[in-house]
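One structure, pasted below without further comment.
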Amino acid sequence: MAPTAVVHISGLIAAMEGDEDATTNALRGVIKDHRKEVRNRPGHLEGLVSYSAMSICRVALWNGLVIEEQPYLPLCFMPGHPLNKGFA
């Protein structure tokens, strides 16, 4: 299994368990890997958002964890986030 997949899975597990510190650390790892990937493919629209990190955030928000907005995480589109003003 690729390192990114392991970090992603550990982030999902941490978010499901309500472990905010482990979730935050996993998000940092996923976003770090995403930045490396984006650097290798400039101009690709998929580089604007880290969907792996967004999925971790979705589970974290469902479980009441606090997630900070940061590059590659447009949380305003995430249902349940305080910045969401009507997006589903």
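Position 1 is the first residue of the sequence; numbering continues from there.
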Non-hydrogen side-chain atoms of K32 and R28 separated by less than 4.5 Å: no
So, taking the atom named CE in M54 and the one named CG in L61, what distance separates them when rounded to the nearest 0.5 Å?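 If I round to the nearest 0.5 Å, the distance is 9.0 Å.
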Could you pull out the closest heavy-atom pair between L73 and A53, with the gap in Å?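 That closest heavy-atom pairing would be CD2-CB, 3.3 Å.
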Sequence neighbours left out, what passes side-chain contact (heavy atoms from CB on, under 4.5 Å) with R35? Give chain and number order.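 Result, side-chain contact (heavy atoms from CB on, under 4.5 Å) vs R35: I31, R39, P71, Y72.
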Closest approach of I56 to G11 (non-hydrogen atoms, all atoms of both residues): CG2-O, 3.8 Å
What pairs with A14 under side-chain contact (heavy atoms from CB on, under 4.5 Å), at least two apart in sequence or on another chain? D19, A22, T23
H34 and V49 have their tightest heavy-atom pair at CE1-O, 3.3 Å
May I ask whether L27 and L65 are part of the same hydrophobic cluster, defined by side-chain heavy atoms of I, L, V, M, F, W, Y residues being less than 4.5 angstrom apart, directly or through others? no
Could you check whether any side-chain N or O of N63 sits under 3.5 Å from a backbone N or O of G18, counting only pairs where one atom can act as donor and the other as acceptor? no
Shortest non-hydrogen contact from S55 to L12? O-CD2, 3.9 Å
